[in-house]
Amino acid sequence: MSTEDRPPAPRSLAEELRARGDASLGALLRSRPDLITPVPTDLTQLATRAGTRASVVRALERLDRFALQTAEALAVAADPAAYGELLGLMAGDDADPAVVAALPHALDVLREQALVWGDDDRLRLVRTARELLAPSPQHPSPTGLGPTVQEATAGMSPGRIQEIVTAAGLASTHDSVSAVTALAGLFTDRARMAALLADAPADSLDVLERLVWGPPYGQVTADPAPRLRWLLDRGLLLPTAPGTVVLPREVALHLRRGLAHRTPEPMPPVVETAAVHRPQVVDSAAAGQAYTALATVEELLKDWDEGGPAVLRAGGLSVRDLKRTAVALDVPEPAAAFWVELAYAAGLIASDGEADERYAATPAYDEWLELPAAERWSLLVTAWLAATRTAGLVGGRDAKDRTLSALGPGLDRSAAPEVRHRVLALLAGLPEGAAPAAGSVLARLRWERPLRGDRREDDLRGRLAEWALSEAELLGVTGRGALSAQGRALLGAPAAPTPGPEAEPAGPGDKLPVHHHHRTTPLAPLSPAEQAVASAAAARLLAPLLPEPLDHVLLQADLTAVAPGPLQRPLADMLGVLADVESKGGATVYRFTPGSVRRALDAGQAASDLHAFLATHSRTPVPQPLAYLIDDVARRHGHLRVGAASAYVRCDDDAMLSEILADKRAAGLGLRRLAPTVLAAQTDPAGLLEGLRSMGFAPAAESAEGDVLITRALAHRTPPRTAPEPVPDGPPVPDDTLLAAALRAIRAGDLASTTPRKPGAAPAANGELPRTGAAETLATMQAAVLTGEALWIGYVNAEGAASQRVVAPIRVEGGFVTAYDHTADEVRTYPLHRITGVAELADDAG
C-alpha cells in the first residue's frame, strides 16, 4: 500500500477504537468486562474509561509475564516509540530469536486490551499505564532502570552540565538543551560509549556493574572517592539529591547490551511431570478418594444431625468445636475445616437461625442423601470449583488481627475459583496418568499472573494453588496427583495427550520426559449450564468405579459386625443406631454394647425386631452372645417408668426404688417416696431419665395413660437455606447477547456524537445538547418526515437524564414524534416538549 493509500494514523485511543471492527471491540470488552459496567454512551467514553487508573491496574494484573515485560519496556521507551526500539529493548543487541518470535503476539495482546495504541512506527502506552510502570524514585521500575539523562539533569545548573560535556570529550555548546542532547547521543552510541568506558578505571566499572540491573540509585559523600569522581565528571552517574546519585537510563542500557529486563521470559515455564501412573490406577485411586469424601461428609452431617456446634457471636465455629469435629472425623484440623466449608458451600449445612443459634443440616441434605453416590460427588465438586470461601485460611489472621474461623466471615477470596480451574487445566494438559511437579505448577501460575495484587496477594495465589492440588486429591478429582478421567470431564476437557513410547514408566516413581507447552488456548471456565453438563458426564464416568452398596454384614462372636464395604442406606442407618462404629477403612467394624442396644430400643424397636433384622442382614448365624445381650437389655428396658409429677418413678420392685433412694448420685434429683412403688422427683421427666441412666439403670418414659413412650431421635434441620453465593472477581465476562447489544449501543451513541452537522444548524458546543425553539423544532421535524432525512436531537427523559440521538422522523402528531432511533436501533416515540433542540446532519454523514 502506498503512503497516499494508507489510512491516517489515529491521533487518540478513541480514534483507534473507532477504526476497529466489532470483533476487535468485542475482544476488548471480553478481556476487560469492567469497561461495559455500565455500557458507555460512545467510543470516546469507552476510551476514557479504558484509561482510568482502576481499570488499567486491573488490566495489568491480568497480563502474563512477557506481555507485562513488553508494557514495562514501552514505559521506559520514547513516547511514541517505534517497533524497532521496542524490539531492541526486549531482545537486546543479540536479538534473542525467542523474544523476536514472541513479541508480536505480546504487542497484539496489549493492543487488544487497549493498553497500547498506534501504528508500529508510533506505539503509545496508555498514559495511566506509563505512569504506573515508568521509573520514579518513589516507585522503582521492575526493569531496574533509572531516569533518562534529560530527566536526571532537569535541575542541574548550566555550568555543571557544560563541565560534564567537556569531561566526556564533547564540544561545549551555548545552551543546556543541546548539551544534554549531545550527552544523551553519546550514551546511546555503542561505539563511542565503548571507547569512553575503555579508559575507565576498573573500580569505576565495578560501581557501574553494581548499579546496572538496579536499583540504579547509590549514596555518595560530600567528597566522593576517585572511582566515583571519574564517573560523576563524565555524567555516567548524575546527582539527584544531596548524597544520592543515579545511573542514567541510557548508560544502563548500553551496559545491558540494550536489554530492558535481565531475563526476558517469552515462553511460559514448562509444567514438568514428576511421576506417571497407569490411567486405570489413577482413576481407581481417585474413585477411592471420592468414596471416602462422601463417607466423610455423611459422617460430619450425621454427627450434627440433632444440632451441631453453636454459632459464635461473630459467626463461625469455635476452635474447640473444630477440634471436636476433627476428632469425630479422625482427620487433622485443616482437613476438618475443609470438609465443614465444603458442606457449607454445597448448601448441606447452615445456621438454624434460632435464639441459641447452632449449625445443622439443611433440608437439601436429605435430598442429597437420596441421590446416587456419583451424583452426590458431582454436586460436592461442582460446589468446590465455584466456591470463593477458602478453608486454608482458617486459623490465620485477618487485616485486624482477628482469628479466621471455619464458617466465619472473612474467608472469601475471589481469585480462588480461577486458580482452582487453572491448576486443573494445567493438569489436563499433561499426558494421561501424569502427575505434575507442584513447584512447576506454581512457577507457571506466577508467569501467567505476575502482577496479581501486592506481594501478600501474590503469596496467597501460590497458597491457593497448593490448596487446590491437595483438595483435588481429597475429593477424588485427582488420583496419585494425576487428573482422573472424571476430573477431566468435570472441566469439559478433551481427551488427554498420549505420551510417546518412551513415556511408559514401570512404576509410580518413574520420570516422564519434559513436555514443552507452547502457547495453547487454555481451557475457559464453563458457564453454569455447561458446568451442569460436564458434572453429569463426570458422574457417569465415576459411577462404575464406586463400590456397590451391600445388603449384608458379617456378625462375629465378639459382639462385632463387619461391613466389608459400603452398606445400603436403610441397613447403614439401622446399624448405626444398634451398634457403635469401632473402626473404619476398607471394612467398617461395628460393636454391639448394652448402651447401643438400649439406644435401638429407645428408638422404638422391640427385641423381636432386632433379632429379625440381624438374621435378615447377616451372612453368618447370629452369635449366641449377641442374642443374649439383646434379650438381657430388653428384659430390663422399661422396668422403671418416668412420668410427670414434676416427675415420678414407679416400679413394681420396691427394693429397686429403695436402692435408688440410697444412692448418693440421686441426691440432685430431689427424690422422695410417695408409695412403696412410686418416687416423686423435683426435676423434669427428661432430666430424671438422664439421671437414672447415668446411674446405670434403664428407665422408660410413659404417658399419662401409663403406656411406654418411645423416644425417637428426631433429626434437627434448618429452615430451607440456599448455598452461599461466591464473591465475584470483578464484573462477569459478558455473554454474546449482552456483548452484541452493548456494541450496538456504543456504535449508535458514537454515531450520534460524531455525525457532522450542517453549518449554521444550531451546533452544540463541546458535548452540549442542541438548542432550538419549540416552533423551529416542530418545523424541522415535519420537514424531515417529508424528506426522510435523519436529524440530530437532544432529549431529556422523565428521570432528567440528557442524551443526544440520531433519529429519522416517521410522523409528527399530538405533541409526539415517532422516529427510527439509530442510537437504540428501533422505532420509538418521543414527546416534543422533552426534545431540547434539533440539528440537520451534513449531506455526507455516514
Side-chain angles (χ1 to χ4, degrees), residues 288 291-292 294-296 298-303 305-306 327-330 369 373 546-641 651 653 656 659 689-690 692-701 708-715:
Y291 170 72
T292 302
L294 294 176
T296 304
E298 284 186 45
E299 187 172 354
L300 168 68
L301 272 297
K302 190 181 296 181
D303 190 49
D305 205 37
E306 297 179 41
V327 170
L329 298 180
D330 193 22
L369 283 178
L546 294 176
E548 285 292 331
L550 303 176
D551 62 353
H552 65 273
V553 295
L554 307 175
L555 296 177
Q556 303 186 105
D558 61 349
L559 297 180
T560 61
V562 177
L567 299 177
Q568 293 178 352
R569 182 151 309 283
L571 171 57
D573 291 343
M574 183 59 197
L575 199 58
V577 174
L578 181 56
D580 298 322
V581 176
E582 188 169 80
S583 67
K584 294 176 291 185
T588 304
V589 177
Y590 295 85
R591 178 164 294 279
F592 300 94
T593 66
S596 69
V597 174
R598 185 166 55 244
R599 186 170 63 226
L601 295 172
D602 287 342
Q605 299 294 321
S608 57
D609 297 330
L610 300 183
H611 286 300
F613 169 77
L614 293 174
T616 302
H617 293 288
S618 175
R619 286 290 176 88
T620 58
V622 178
Q624 196 174 50
L626 179 55
Y628 284 167
L629 173 66
I630 293 172
D631 291 339
D632 184 53
V633 174
R635 186 166 48 253
R636 292 184 292 115
H637 187 265
H639 193 49
L640 294 177
R641 304 293 180 88
C651 181
D653 186 352
M656 181 175 288
E659 180 186 346
L689 279 168
E690 184 179 347
L692 292 175
R693 284 170 179 166
S694 68
M695 294 166 61
F697 298 98
V708 174
L709 291 176
I710 300 299
T711 304
R712 300 179 184 274
L714 297 176

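All figures in this text were calculated on a predicted structure; none of them were measured in a lab.
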Novice: Using side-chain heavy atoms (C-beta onward) and a distance below 4.5 Å, is Tyr590 in contact with Leu555?
Specialist: no

Novice: If every non-hydrogen atom of Ala328 is compared with every non-hydrogen atom of Glu299, which pair is closest and at what distance?
Specialist: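 In this case the closest contact between Ala328 and Glu299 is O-OE2, 3.1 Å.
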
Novice: Looking at every non-hydrogen atom in both residues, tell me the closest pair between Leu294 and Ala373 and how far apart they are.
Specialist: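 Heavy atoms only, the tightest pair is CD1-O, 3.3 Å.
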
Novice: Show every salt bridge (charged side-chain N to carboxylate O under 4.0 Å, His left out) that has at least one partner inside residues 619-633, sequence neighbours left out.
Specialist: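 Every salt bridge (charged side-chain N to carboxylate O under 4.0 Å, His left out) pair that includes a residue of residues 619-633, provided the two are not neighbours, is Asp632-Arg635, Asp632-Arg636.
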
Novice: Working to the nearest 0.5 angstrom, can you tell me the gap between Asp609 CG and Met574 CE?
Specialist: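 Rounded to the nearest 0.5 Å, the CG-CE separation comes out at 7.5 Å.
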
Novice: Looking only at non-hydrogen atoms, find the nearest pair between Thr560 and Arg591 and report the distance.
Specialist: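 Scanning both residues completely, I find the closest heavy atoms to be CG2-NH2, 3.2 Å.
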
Novice: Taking all atoms of both residues into account, what is the closest heavy-atom pair of Ala607 and Leu601, and its distance?
Specialist: N-CD2, 4.1 Å

Novice: Test side chain to side chain contact (heavy atoms under 4.5 Å, CB included) on Gln605 and Phe613 and set out the steps.
Specialist: CA-CA 10 Å; Gln605 299 294 321; Phe613 169 77; over 6 Å; no

Novice: Once you round to the nearest 0.5 Å, how far does CZ of Arg599 lie from OG1 of Thr593?
Specialist: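 If we round to the nearest 0.5 Å, Arg599:CZ and Thr593:OG1 are 6.5 Å apart.
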
Novice: Among all residues two or more places apart in sequence or in another chain, which pass the side chain to side chain contact (heavy atoms under 4.5 Å, CB included) test with Pro549?
Specialist: Gln568

Novice: With rounding to the nearest 0.5 angstrom, report the CG to CG distance, Leu571 to Leu550.
Specialist: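 The CG atom of Leu571 sits 8.5 Å away from the CG atom of Leu550.
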
Novice: Test your reading of the model: is there a side-chain donor-acceptor pair from Thr616 to the backbone of Ala612, 3.5 Å cut-off?
Specialist: yes

Novice: Starting at CD1 of Ile630, measure out to CG of Leu614 and round the result to the nearest 0.5 Å.
Specialist: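 Rounded to the nearest 0.5 Å, the CD1-CG separation comes out at 5.0 Å.
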
Novice: Where do Arg693 and Pro699 come nearest, in terms of heavy atoms and distance?
Specialist: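 That closest heavy-atom pairing would be NH2-O, 3.5 Å.
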
Novice: Run the side chain to side chain contact (heavy atoms under 4.5 Å, CB included) test on Val562 and Val553 for me, step by step, so that the C-alpha distance in whole Å, both residues' side-chain angles and the decisive distance to 0.1 Å come before the verdict.
Specialist: CA-CA 6 Å; Val562 177; Val553 295; over 6 Å; no

Novice: Write down the atom of Leu575, the atom of Phe592, and the distance for their closest heavy-atom approach.
Specialist: CD1-CZ, 4.2 Å

